[in-house]
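A quick write-up on the structure given underneath.
Atoms considered below: every heavy atom in the structure, side chains included; atoms not considered: hydrogens, waters and symmetry mates.
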Amino acid sequence: MKLGIRKRILMGLGLAGAAVLIWLFRPSPISVQTVRVVRGDLQVTLDAEGKTRIHPLYVVAAPVAGRLAPLELNEGDTVKLGQTVARISPQPLDPRSRKQAEALLRSARASKSEADARVEEATAAFEQSRRNLERNERLAASGQISSEELDRVRTSGRTQAKALEAARFRSEAARCQAESARAAPMESGEGASIPLCAPADGRVLRLHEDSERVVPAGAPILEVGDATNLELVVDVLSTDAVGIPAGAPMLVDAGGGRTYRGRVRLVEPAAFTKVSPLGVEEQRVNVIGDLDEPAPGLGDRYKVEVSFVLWEGSDVLKIPTGALFRSGEGWAAFLVKDGRAVEARVSVGHRNSREAEILKDLKEGDAVVNYP
């Protein structure tokens with residue numbers, strides 16, 4: 001009888017120990033963060049760093065070798081078209097130098113003729129784009145073409161207008177250079193000086209020379225530009241550039257809480273090689289854009305953060321990208337059902353770095369595990 005009681009006690013202790021071990025090593029539920037499948041707006045963007053550029057930008061250079069007089073202008077000063085911005089006293093010309101000056105004059109006159117021809121060409125292209133825009137606006141009003149096609153035509157018209165404006169500025173700059181070159185062989189005497197004029201209205205952006213000294217022919221003296229003619233230059237990988245259409249919206253972050261909107265005007269047709277910070281050679285392409293509104297405070301070569309809007313939609317069924325994970329060749333998410341996480345295959349559409357479009361397999365209001 002005593003032996004039977006001892007066995008029962010040992011068996012009870014064994015069962016109790018087994019129960020304790022099972023309780024200690026039992027699988028416990030994991031606390032997770034869940035998010036809901038919702039509907040809302042979604043944008044697919046390509047983010048890149050860029051810089052501003054004043055275009056056209058004019059460099060006032062010395063037409064001949066000589067002594068540059070002290071400049072009376074400072075960086076940021078406003079100048080007017082034709083205003084004298086510097087004076088240079090040319091060195092006495094020997095026969096060889098005189099021939100070089102005369103050759104420079106012929107070259108400047110030829111450049112002026114070429115600039116005038118480009119103005120005529122740009123004028124004709126602008127008039128053609130204006131007529132094309134009027135025709136396409138009538139077609140769009142009658143529903144014969146899409147709004148995307150009309151936007152492309154409008155973007156082309158803005159590009160031609162910019163090209164005409166730049167051609168006129170270059171023509172005026174060439175005229176100033178021709179006048180300076182003509183003065184060189186005529187005023188090469190003791191005490192004579194050649195005035196250098198501003199090729200356009202604008203501000204002095206940089207002073208390459210800020211003191212009196214002898215400069216060689218062609219030496220840059222200062223740069224002039226109009227800050228209202230500001231464009232954006234963003235270099236992106238060539239594999240990304242093929243997906244950026246002309247007229248694509250741009251979101252520009254200039255820092256300090258200043259954001260602007262713009263549109264792509266041109267994706268340059270030629271790429272260039274650039275070495276990345278990791279030492280890898282990359283083929284990159286410059287994307288040129290225009291701001292939709294004035295940007296006071298921005299100047300030449302300012303750094304900006306640009307997001308190209310490649311696609312956008314409203315009332316899109318979406319979840320955070322952190323809730324997705326790869327499953328085979330597709331995507332999956334953990335769907336919460338009755339307190340348990342169940343793997344569910346999902347069809348993903350457009351996505352960005354934060355959210356993804358769900359095409360099917362989930363419905364609005366479903367709870368999924370975030371960062372599984």
Side-chain angles (χ1 to χ4, degrees), residues 18-50 146-149 151 234 236-253 259 261-264 267 276-278 280 282-285 287 305-372:
V20 170
L21 290 176
I22 293 173
W23 182 81
L24 289 176
F25 292 101
R26 81 190 191 285
S28 58
I30 300 174
S31 178
V32 298
Q33 177 189 10
T34 61
V35 291
R36 294 286 179 180
V37 181
V38 297
R39 288 189 175 274
D41 298 335
L42 180 65
Q43 282 187 339
V44 178
T45 61
L46 172 65
D47 302 329
E49 290 185 359
S146 64
S147 58
E148 290 80 5
E149 180 65 26
D151 286 340
V234 187
V236 301
L237 290 171
S238 59
T239 51
D240 292 331
V242 296
I244 302 177
M250 303 169 63
L251 306 177
V252 183
D253 183 1
T259 58
R261 299 188 68 89
R263 286 194 174 273
V264 173
V267 178
S276 71
L278 298 178
V280 180
E282 300 174 338
Q283 291 301 110
R284 304 190 73 88
V285 178
V287 180
E305 301 286 342
V306 178
S307 296
F308 299 98
V309 181
L310 306 181
W311 180 88
E312 57 184 341
S314 59
D315 196 32
V316 175
L317 191 66
K318 60 182 183 177
I319 62 173
T321 54
L324 296 172
F325 60 91
R326 279 290 184 181
S327 178
E329 296 296 324
W331 293 96
F334 281 120
L335 180 64
V336 178
K337 287 186 176 180
D338 300 326
R340 293 182 176 273
V342 180
E343 181 177 339
R345 300 292 295 268
V346 295
S347 299
V348 178
H350 298 90
R351 59 192 177 96
N352 56 28
S353 59
R354 299 178 303 276
E355 297 174 316
E357 178 188 17
I358 301 301
L359 300 178
K360 58 181 181 178
D361 305 314
L362 294 177
K363 62 182 182 297
E364 184 178 2
D366 283 346
V368 294
V369 177
N370 202 17
Y371 303 114

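- Considering Val264, Asp240, Asp47 as possible partners of Phe308, the one that fulfils the side-chain contact (heavy atoms from CB on, under 4.5 Å) test is Val264.
- Distance check: Gln43 CD to Arg354 CZ gives 8.5 Å after rounding to the nearest 0.5 Å.
- Shortest non-hydrogen contact noted between Arg345 and Gly330 is NH2-N, 3.8 Å.
- For the pair Glu357 and Val316, the tightest heavy-atom approach, listed with the atom from each and the gap, is CG-CG1, 3.4 Å.
- Annotation: the span from Asp366 atom CG to Thr34 atom OG1 amounts to 11.5 Å, rounded to 0.5 Å.
- Heavy-atom contacts from other residues, nucleotides or ligands closer than 6.0 Å to CZ of Arg39 number more than 12.
- Taken from CD1 in Ile358 to CH2 in Trp331, the straight-line distance is 10.0 Å, to the nearest 0.5 Å.
- Counting only N and O atoms by type, the side chains of Thr259 and Asp253 include no donor and acceptor under 3.5 Å apart.
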Verify side-chain contact (heavy atoms from CB on, under 4.5 Å) between Glu49 and Glu305, making sure each step is shown before the conclusion. CA-CA 5 Å; Glu49 290 185 359; Glu305 301 286 342; 3.5 Å; yes

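- The CZ atom of Arg261 sits 11.0 Å away from the CE atom of Met250 when rounded to the nearest 0.5 Å.
- One distance of note links CG of Leu251 with OG1 of Thr45; it measures 7.5 Å at 0.5 Å rounding.
- Between Lys363 and Val37, the shortest heavy-atom contact is O-CB, 3.5 Å.
- Considering every non-hydrogen atom in both Val369 and Ala341, the closest pair reads CG2-CB, 4.3 Å.
- Taking all atoms of both residues into account, the shortest heavy-atom contact from Val38 to Glu364 is CA-CG, 4.4 Å.
- To the nearest 0.5 Å, the span separating CG on Asn370 from CD1 on Ile319 amounts to 8.5 Å.
- A 6.0 Å sphere centred on CZ of Arg326 holds more than 12 heavy atoms belonging to other residues, nucleotides or ligands.
- Minimum heavy-atom separation, Ser353 to Thr321: O-OG1, 3.2 Å.
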